[in-house]
Amino acid sequence: MRLHVGAGPHGAKVLAAAAWGPPGLAWAPPGEHVVPFLTQPCLPALQLDSGAVLFSPNAICRYFFLLSGKEQDDVANQWLEWEATELQPAVSAALYLQLVQGKPGEEALAPVREALAHVDRGLAQRGTTYLTGDAESVADVVVWGALFPLFQDGSCLPDNLGLLGSWFRSMSQLAPCRAAAAAVLTPEGARELRAHLQRQPVPSPASKRPATNEPEEEESAEHALSEEDIAAAADAWAQGTAALPEPWQPQHPVLPVAGRKNVLITSALPYVNNVPHLGNIIGCVLSADVFARYCRLRNWNTLYVCGTDEYGTATETKAMEEGLTPRQICDKYHAIHARVYSWFGISFDYFGRTTTPQQTTIAQDIFGRLLERGFLRSDMVEQLRCERCQRFLADRFVEGVCPFCAYEEARGDQCDKCGRLINAIELKKPQCKICHDSPVVKSSQHLFLDLPKLEQRLEQWLEQSWATGDWTANARFITRSWLRDGLRPRCITRDLAWGTPVPLDGFRDKVFYVWFDAPIGYLSITANYTDQWERWWKNPEQVELYNFMAKDNVPFHSVVFPCSLLGAEDGYTLVNHLVATEYLNYEDGKFSKSRGVGVFGDMAKDTGIPADVWRFYLLSLRPEGQDSAFSWADLLLRNNSELLNNLGNFVNRAGMFVCKFFGGCVPEMELSPDDKRLLARVGLELRHYTQLLDKVRIRDALRCVLNISRHGNQYIQVNEPWKRIKGNDADRGRASTVTGVAVNMACLLSIMLQPYMPSISASIQDQLRAPPACCVLPSAFVCTLPPGHRIGTVTPLFQKLENDQVEALRKRFGGGQAKAAPPKPPTPGVDLQKVKELSEEVAKQGTHVRELKAAKVEKGQIDTEVAKLLELKRQLVLVEGRPLEPPAPKGKRKK
Amino acid sequence: MAAAAGPRLGAEELGLLEKSLGLAKGNKYGAQGERKTPVLQTNNGPSLIGLTTIATHLVKQAKKEQLLGNTAEEKAIVQQWLEYRVIQVDGQSNKEDTRIILKDLNSYLEDKVYLAGNNFTLADILMYYGLHHIMVDLTVQEKEKYLNVSRWFNHVQHYPGIRQHLSSIVFIKNRLYTNAH
């Protein structure tokens, strides 16, 4: 047995408890990774002879006492649990104040005050010398050990807690504790403890969560609702549409309005030379679209602009490939982009392009101002030149081996593998992309943006933008690492023809580098939309700017472009909220146009899957915190379980009941306490949804929507309006109320779905003939369809996706990556058997649920049985969709 | 996305435990403090506070002490994972915490059937209840990534009397993501 003790605050307790352990216990140096299965190093730790490792200090203490024959009773267990969950966090917070921040005694002890009183009360209540009785136990050792690093000789213990004081002093007199104290109370021990605390995240008392950028997580709607919540929900409901604000209808063109919240949204400009894939779509335009729609739903004055980024070498290369002029290429692909986004229902106020006269004017103006203010300098640049093609090889005209990660197909400006920016001449084994000759290095004169001169202004601005805005964690991180590495002057000119010309003698045969030029596209595209574009872009007081992009685009939006605008000193609107996603992968790998892997924007339409289902699926796996992966199996599952069985099913039933039982008119509602509780739950989900979307947590907010329809399904299931409608007066009244509440929930869902699935939202509103007030998000769940309101014709919203269909799609878009044997459609024998079993189980559980309801069992229990039923149904879908044992692939198996 | 199907930690979970231990239902649980720590008012003495304390008490009451471990070593290990459950699992506040918990458990369970080795214990029961709401949300791919956790979880949910009304979580037998690691 070996005990490893580290510098942390738990040393005293395990060392003291060791006196009850086996004699001659071996102490081992604090190794780095004593506990092989834990990610964070964890000390103290006890290695047992069996090979097992104890990593919890309290479990180690328990173990020593168990070895000496002392079992722990309820009281001891309770102290140990309290020590771990309540006392320890408080002590850590106090130690941090005391040792790291050097706060004086009184102030540093504030976090533990309540815990100290708790110990004192515990001693008083039992009336014993020690915590669990008249002899010391593991509980005493553990609590003493926790307090020891903070109080040491006990002289700082509060005077008014006499019992605590005398208990602490008598514990300190025990031989094992004295020995432990001597071992940790060395100057070295104190230094190590301090260093240890500094390495830990800043502790905070258990009751207070650390401040973060994330919205306060409201307790899930599952948690207890107070009577006040329920009463407030009922009041809000009763106010009806009268309480809703008038929908804001901005003038066209949309311009900032004094006194309103003015939101300007951009999504990264897609490069014109390619068809966007699903990852591009979710990363920028779709995410920005959801947020733009949400802003409009909030009645905020909103402008969403985007466009194709058309200048640069990539376009020239593509033009050469296709035998067209760059202009023709741009026209062709701009139209493709516009078509794809319109199919996906992206609600741009304006979708423009960067190759316009406005771009030239604005880019040259910013350039001129930077030049006047001395933020530009010229320098000789060594560049690769292909003698055979007679041209300088900028950026993408050259490929080679990445000097950082040795990736073989690194481009001249950036490596796709490690993402680092590359200076083309640093490439190893460079090759001209056109003729594959090795280029030579030649010098030419270029202009540079002097970023180091602007660094201080940039940092000042960032500090302020980060304090007030919502930047995603990856955006902050990437920006910080750029600043940490130090800024260097960046070349802003290129030897190309297809670009914005540089208006300066000596450089007139050159154009602006896309990095400098492309972000100016946001401004010029807005200028194409309205000649009053400056009211958006030179108006930081009135405008809040959101930039959406994938993470590879962060530095240009957080460092390079803000420096251009700051240096121009023309009162530009700078980004307030920078929202960057991680990457979306395709099944197991990356999307790849060249290998034909993955779904690209123009093909999504050909799958026969509606745009809104694509939107829903992509948004539900939006790569917010980490990369995520598109998977066909998952798409099928989510369509069938969440859209069809949950959301679609609920909305459809609610509407059908109104049509079938009440002649198409919303019936009278007499709210029972249970109904009011439901209103409060729905209200909670709605509030949560708003909080999340305010912080652009798009994926998480989608859950709230689905939670509401889940509540709705359970509500209908429990109340069975289709049965009660045939019952006595009271039953019929109940059926009427339940139907009325349910159809109003469907109407609320149509509003909340609007940002995610605009055409589904419109069909629901159309089917329900929702009033115009429904284009504003309410702050509470109100009755928008009052009794007597006539609804329209109700039809199903979603279609089931069949496995065969999805399998066929998977094969079609799998490209060359068919290595993994693709699961085949089920062989009838195997599959039908399982389907049959599950169907029987579903039927059985269905009967069970109905019986329970007939027996009027407690609602909670019914809910859980219903959940079980839904789960069985989900499994059934899964089994139908996936054979248990895929048959061996035909032909030779690849080895 | 089926958060509604998970047990509310604390009182409801203890109700599940009582039932799985075969105890007659009848205990009322309160909750105290910000963390809603469960409280059990016993007939013969002061109340008990804390999830693992009450759970341990119930196991003794049901005379199923083997669920607390047979040897000193097993007992300490069971209590260690109970503590891990209330501190790490219940204390997780973001995705990263969840990831680390699943990763660590996955690595721990690599050569074990249950948390305390070969014997099913209270640690498995409470860890199962505590992880249910997390496992519900995992994608097929994540379940494969945490293969050992999935295997263990599937064992526990099929252990007689444990799952009760909680949704059964589906684990696909054949792996879909062969290159996941």
Side-chain angles (χ1 to χ4, degrees), chain A residues 36-40 48 50 52 54-56 58-60 62-63 66-67 72 74 77-78 80-82 84-85 125 206-207 209 214 217 220 222-223 588-589 625-626 629 631 633-634 637 642 703 706-707 710-711 714 820 823 861 863-865 867-868 870-872 874-875 878 882 884-886, chain B residues 1-6 8 12 33-37 45-46 48-53 56-57 60 72-73 75-77 79-80 82-84 86-87 91 93-96 99-100 103-110 117 139-141 164-170 172-174 176-180:
Chain A
F37 49 86
L38 292 185
T39 308
Q40 318 273 355
L48 305 183
S50 68
L54 291 176
F55 59 85
S56 138
N58 288 5
I60 296 172
R62 276 175 190 274
Y63 180 63
L66 286 166
L67 285 181
Q72 287 100 43
D74 286 345
N77 283 336
Q78 182 168 314
L80 289 173
E81 185 174 357
W82 174 80
T85 55
Q125 274 163 16
S207 57
R209 297 203 158 245
E214 314 201 326
E217 290 279 345
S220 127
E222 281 308 293
H223 285 252
D588 280 347
Q626 55 187 33
S631 133
D634 206 25
L637 192 67
E642 279 159 11
R703 289 176 176 225
L706 295 169
N707 282 344
R710 197 169 289 119
H711 284 312
Q714 285 177 6
Q861 199 186 337
D863 286 357
T864 55
E865 292 299 323
K868 220 152 122 186
L870 291 175
E871 176 60 27
L872 277 171
R874 214 165 64 92
Q875 281 183 36
L878 197 76
R882 182 153 298 289
L884 285 181
E885 284 172 86
Chain B
M1 297 220 173
R8 268 154 263 175
E12 186 181 326
E34 298 255 346
R35 293 172 50 251
K36 300 255 190 297
T37 313
L48 283 180
I49 305 166
L51 183 71
T52 72
T53 305
T56 307
H57 170 81
K60 288 183 189 160
E73 177 175 329
K75 287 174 186 171
I77 291 176
Q79 292 295 331
Q80 157 162 297
L82 290 177
E83 184 185 302
Y84 184 89
V86 290
I87 296 189
S93 58
N94 56 45
K95 292 263 153 58
E96 181 59 12
R99 194 185 66 78
I100 289 179
K103 178 166 168 269
D104 289 358
L105 277 174
N106 197 53
S107 147
Y108 177 74
L109 286 167
E110 188 162 10
T139 61
V140 174
Q141 189 171 21
Q164 303 175 37
H165 72 257
L166 297 182
S167 58
S168 160
I169 293 176
V170 180
I172 296 175
K173 284 183 190 155
N174 48 321
L176 300 178
Y177 301 91
T178 44
N179 304 329

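We name chains A, B, ... by the order of the sequence lines, and we start the count at 1 in each one.
Looking only at atom types and distance, the side chain of B:E73 has a donor-acceptor partner in the side chain of A:S50 under 3.5 Å away.
Within the 4.5 angstrom heavy-atom criterion, only side-chain atoms of B:I87, from C-beta onward, approach chain A. Heavy atoms closer than 4.5 Å to chain A are found in both the backbone and the side chain of B:Q80. Contacts between B:T139 and chain A at a heavy-atom distance below 4.5 Å involve the side chain alone, from C-beta outward. For chain B, the nearby part of A:Q72 is the backbone; its heavy atoms alone come within less than 4.5 Å.
Taking both residues in full, the closest heavy atoms of B:S107 and A:P36 are given as OG-O, 4.3 Å, listed atom of the first, atom of the second, then distance. Across every non-hydrogen atom of A:N77 and B:T53, the tightest pair is O-OG1, 3.4 Å.
For the pair B:Q79 (side chain) and A:A59 (backbone), a donor-acceptor distance under 3.5 Å is absent.
Of the listed residues (A:L54, A:L80, A:L66, A:L67), the one with the most heavy-atom contacts under 4.5 Å to chain B is A:L54.
In the displayed structure, B:E110 atom CD is contacted under 6.0 Å by at most 12 heavy atoms of other residues, nucleotides or ligands.
You'll find the side chain of B:L51 reaches within 4.5 Å of the side chain of A:E81, heavy atoms only. By the 4.5 Å heavy-atom criterion applied to side chains, B:K60 and A:D74 are counted as neighbours.
Here B:L105 contributes atom CG and A:L38 contributes atom CG; the two are 9.0 Å apart, rounded to the nearest 0.5 Å.
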